[in-house]
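Keep in mind that this is a model prediction, so the values were computed, not measured.
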Amino acid sequence: MSSIRFEALKAASSRKPVHVEELDKKSLIFGSNVFNDKTMRQFLTSEAYKAVKSAMDHGTKIDRKLADYIALGMKEWALTKGVTHYTHWFQPLTGTTAEKHDAFFETSFDGSDPVEKFGGSQLVQQEPDASSFPNGGIRNTFEARGYTAWDPTSPAFIYGTTLCIPTVFVSYTGEALDNKTPLLRALTSIDNAATEVAKYFDKNVKKVTPTLGWEQEYFLVDVALANSRPDILQTGRTLLGHVSAKGQQLEDHYFGSIPTRVLNYMRDLENECMLLGIPVKTRHNEVAPNQFELAPIFEETNLAVDHNSLLMDVMQKVAERHDFKVLFHEKPFKGVNGSGKHNNWSLATDTGINLLAPGKTPTSNLQFLTFFINTIKAVFTYEELLRASIASASNDHRLGANEAPPAIISIFIGQQLTKVLEELEGVSQGKLSPEEKTDLKLNVVGKIPDLLLDNTDRNRTSPFAFTGNKFEFRAVGSTANCAVSMTTLNTIVAKQLKDFKVEVDTLIEQKDLKKDEAIFNVLREYIKQTKAILFEGDGYSDAWEQEAAKRGLSNHKTTPGALKAKVSQKAFDVFAEMNVMNHTEVESRYEIELEEYIKKIQIEGRVLGDIARNHVIPTAIKYQNTLIENVKGLKEIFGDSFEEVAKEQIIIIKKISTHIEGINANVHAMIDERKKANALTSVEEMAHAYCDKVKPYFDVIRYHADKLELEVDNELWTLTKYRELLFTK
């Protein structure tokens, strides 16, 4: 078995960088394989083009007759690109994407008159089998019907020879079976709520669009090395492996020179992204060895989510050409940093204003403070729900594990804005005196700088940080579909803005306050109420855990504990009120995510037991037998005094036996706990059992296996080691 490891190392060491041709200037090839505005103008009739634009901008329905014309134009464009098939591309509750390819090709009933056909009915709606996708009890297994329906707000694209049409996925009875549908509802909700508040400052605002800029972290490992590790292949991470002597402690990888093989992979990936209209802009080495990051230009949130989901698929396919395996897992390697997917979120008006960017006048600054403080209030009110939106078995390795960020949701805003909030807190209740108005307008609000980007240091330990003109939700996991956290964030901010407007209008109508006075009064109360969520210090420290507990903030370090907030009355109420998800849809997601957690821990437990008993123990015994033969030989030579000569060998033999016993005993105990967990009928109880009873054995088994790795002859060890996985370029 060790030969597999050394053959993999030989293959990885002999790789040559794959040659990559630059297709053209990025500005010229960008969106070439996207049915975008430019393409629609070319291939659609004027009436069909206007129908699509109206659907995109205002959510209006497209007439079926016009859908036929749109489908015809889309097909003709696709055929010019060599496309042979089409698919409804959707995002079921698996966390990944799904597609079923159908050929444009059709014939008459007798097999004659072959033709490329694609009509409005195929564009607008399809009927994939819904029974095999997670549904959380919404559908019975024998009730298979589900529908995918075209989402015109996210343009169709070509990948390979397939026309991909972004769609929503709903059940026969109308419940959302995907991540896109609730997101679209949340975006509509925040558009409505934010537009009404923005009109306080500019009556011309007709639409507010949430924007998203994700940052995707990932590891690259040579495919031969990855294939030599059963744990990487089946779980996406290493379940065993002693840390390398050299890790990230020299801090020489972050922003360092990008290895040639990796750089060519990045260039190839960027070519694909440009063709698909994914506006990737930034690439660099991350902190850990063989860890990298990719980031795009901000986009409308729905499109950004689609692009990130597409990107993760494209990254794996491009990696195959370069003999790499992409690891998206939040913690694929012990002892070095894991990976996140920072979600940079803001709000933009149709008049071209970023609502989370201060302006040059007191009025625009008050607008900024209104949306800034309301976001803080939303996060404070729903911090447990926001924490639940990023919960997963893989993200548990980062959150609460002394790595950016902690499981406690807090907000970092920097010293300058903290001082502004402190001054606003002193606003008197009710009407303002002329002196107060002047002081507020000129000395507090009026002096917020136009650009806050460099007026405060960054805090890498903060899960939700203000970074100049946006909030950065740093706690999102690298494997996550951005839609889940973005649905929650946009929903809670929409709810908060809706409540804010009611409070302000009440003060204006009932207390006879001027608009600005009413706004100041309400914001002052929010500042007082939300102090507990603001934290500028070290989120990793034990002192913060204690302080957060005093402040009443939650600290759910595991997924089963964190997810409970999803089925609280508070969650049911906010999702229902904002028309994002009904009671059934919320409950189904809770059950699906618990089941996913159980299955992932279950798979990891099985893989760990298999590797420990079928790789580690046999290898250890083989080496132990070599030592035993050595000791026997020494006894023949030295007679009764052999124990002194063979002292070290005997110590190692005993150590190996201890660790073998430690592995075997704990694997058996883990299996027993797994059987007990599997016998439970409640998915909630089962998840907690896997978390509290099964998973703790992972660390114990790993401890003994990793100790054996240090003792056993390197030539015999079958599992590719950390130093090889992380430092083979």
Side-chain angles (χ1 to χ4, degrees), residues 190 193-194 197-198 200 208 210-211 342-347 354-358 365-387 389-390 405-406 408-427 444-445 448 452 455-456 458-459 461-476 485-486 488-504 519-537 539 544 547-548 551-554 570 574 578:
I190 197 169
V197 173
Y200 282 142
V208 172
T211 60
H342 307 159
N343 278 207
N344 295 281
W345 172 87
S346 192
L347 297 169
N354 178 351
L355 294 171
L356 287 174
N365 281 349
L366 180 56
Q367 176 178 261
F368 155 71
L369 286 170
T370 295
F371 286 92
F372 175 71
I373 294 170
N374 271 282
T375 302
I376 293 172
K377 177 67 162 57
V379 174
F380 171 74
T381 305
Y382 294 97
E383 50 98 2
E384 284 193 278
L385 187 56
L386 201 59
R387 165 66 181 92
S389 75
I390 51 169
I408 304 163
I409 298 295
S410 65
I411 301 176
F412 171 84
I413 63 172
Q415 293 181 354
Q416 186 170 21
L417 287 172
T418 298
K419 185 178 179 182
V420 170
L421 297 194
E422 287 171 352
E423 293 189 32
L424 283 175
E425 190 182 347
V427 174
V444 180
V445 177
I448 299 175
L452 283 167
N455 279 275
T456 181
R458 295 183 66 192
N459 188 328
T461 72
S462 176
F464 200 86
F466 184 71
T467 54
N469 59 1
K470 62 190 182 298
F471 280 99
E472 182 180 15
F473 193 8
R474 296 178 56 84
V476 182
S485 55
M486 287 296 101
T488 301
L489 178 59
N490 284 290
T491 299
I492 64 175
V493 175
K495 162 65 173 165
Q496 177 53 46
L497 290 170
K498 180 182 175 184
D499 291 348
F500 170 77
K501 187 167 192 307
V502 170
E503 290 186 58
V504 170
I519 290 172
F520 278 128
N521 273 261
V522 176
L523 293 182
R524 179 202 59 191
E525 292 305 311
Y526 289 172
I527 293 167
K528 290 179 179 179
Q529 294 166 16
T530 59
K531 284 183 177 181
I533 202 76
L534 301 178
F535 180 63
E536 306 291 302
W544 169 231
E547 172 63 23
R551 296 186 185 190
L553 299 178
S554 67
K570 200 173 184 179
V574 70
M578 305 317 294

Novice: Flag the pair Lys470 / Thr211 as yes when at least one side-chain heavy-atom distance between them is below 4.5 Å, and no otherwise.
Specialist: no
Novice: Which is it for Phe464 and Glu472 under the side chain to side chain contact (heavy atoms under 4.5 Å, CB included) test, yes or no, and what are the steps along the way?
Specialist: CA-CA 6 Å; Phe464 200 86; Glu472 182 180 15; over 6 Å; no
Novice: With rounding to the nearest 0.5 angstrom, report the OG1 to CD1 distance, Thr467 to Ile413.
Specialist: 13.0 Å
Novice: Is a side-chain donor or acceptor of Glu383 paired with a backbone partner of Ser554 at a separation under 3.5 angstrom?
Specialist: yes
Novice: Judged by atom type as modelled, is there a donor-acceptor pair below 3.5 Å linking the side chain of Ser389 to the main-chain atoms of Leu489?
Specialist: no
Novice: Step by step, would you call Phe380 with Leu534 a side chain to side chain contact (heavy atoms under 4.5 Å, CB included)?
Specialist: CA-CA 9 Å; Phe380 171 74; Leu534 301 178; over 6 Å; no
Novice: Could you measure the distance from the CD1 atom of Ile533 to the CZ atom of Phe412? Nearest 0.5 Å is fine.
Specialist: 15.0 Å
Novice: Within this structure, what is the NZ-CD distance for the pair Lys498 and Glu503, rounded to the nearest 0.5 Å?
Specialist: 13.0 Å
Novice: Identify the two heavy atoms, one from Arg387 and one from Ile409, that lie closest to each other, and give their separation to 0.1 Å.
Specialist: CB-CG1, 3.8 Å
Novice: Report the relative orientation of the aromatic rings in Phe500 and Tyr526; use parallel for angles under 30°, tilted for 30 to 60°, perpendicular for over 60°.
Specialist: tilted
Novice: Between Val493 and Asn374, is any pair of side-chain heavy atoms under 4.5 Å apart?
Specialist: no
Novice: Are the side chains of Leu385 and Lys570 in touch, meaning some heavy atoms are under 4.5 Å apart?
Specialist: no
Novice: Less than 4.5 Å apart, side chain to side chain, heavy atoms only: is that true for Tyr382 and Lys495?
Specialist: yes
Novice: Write down the atom of Glu536, the atom of Gln415, and the distance for their closest heavy-atom approach.
Specialist: OE1-N, 3.9 Å
Novice: Over all heavy atoms of both residues, which pair between Ala193 and Ala494 is shortest? Give the atoms and the distance, please.
Specialist: CB-O, 3.4 Å
Novice: May I have the step-by-step check of side chain to side chain contact (heavy atoms under 4.5 Å, CB included) for Ile448 and Leu369, ending in yes or no?
Specialist: CA-CA 10 Å; Ile448 299 175; Leu369 286 170; 3.7 Å; yes
Novice: For a quick test of reading the model, state the closest non-hydrogen atom pair linking Pro463 to Ile408 and the distance between them.
Specialist: CG-O, 3.3 Å
Novice: Mind checking salt bridge (Lys or Arg N to Asp or Glu O under 4.0 Å) for Glu547 and listing every partner two or more places apart, or none if nothing turns up?
Specialist: Arg551
Novice: Do you know the tightest heavy-atom contact between Ala475 and Ile390?
Specialist: CB-CD1, 3.2 Å
Novice: Just so I know, are the side chains of Val427 and Val444 near enough to count as touching, which here means a heavy-atom distance under 4.5 Å?
Specialist: no
Novice: Using a 4.5 Å cut-off on heavy atoms from C-beta on, say whether the side chain of Ile519 contacts that of Tyr200.
Specialist: yes
Novice: Would you please test Phe372 and Leu421 for side chain to side chain contact (heavy atoms under 4.5 Å, CB included) and show each step?
Specialist: CA-CA 11 Å; Phe372 175 71; Leu421 297 194; 4.3 Å; yes
Novice: Say you draw a straight line from CG of Leu355 to CG of Asn469; how long is it, rounded to the nearest 0.5 Å?
Specialist: 11.5 Å
Novice: Counting distance only, does the side-chain N/O of Asn343 pair as donor-acceptor with the main-chain N or O of Phe473 below 3.5 Å?
Specialist: no
Novice: For Pro210, is there any backbone N or O sitting under 3.5 Å from a side-chain donor or acceptor partner on Asn490?
Specialist: no
Novice: Would you give the length of the straight line joining atom OG1 of Thr488 to atom CG of Leu386, rounded to the nearest 0.5 angstrom?
Specialist: 7.0 Å
Novice: So that I can tick it off, tell me whether Glu425 and Lys531 are bridged by a salt bridge, with the cut-off set at under 4.0 angstrom between side-chain N and carboxylate O.
Specialist: yes
Novice: Are Leu523 and Leu366 packed together at the side-chain level, in the sense that at least one heavy-atom pair is separated by less than 4.5 angstrom?
Specialist: yes
Novice: Do Glu423 and Val420 make a side-chain contact, defined as non-hydrogen atoms from C-beta onward lying under 4.5 Å apart?
Specialist: no
Novice: Grab the two heavy atoms, one from Ala198 and one from Phe371, that are nearest each other, plus how far apart they are.
Specialist: N-CZ, 3.8 Å
Novice: When rounded to the nearest 0.5 angstrom, what is the spacing between CD1 in Ile527 and CG in Leu424?
Specialist: 4.5 Å
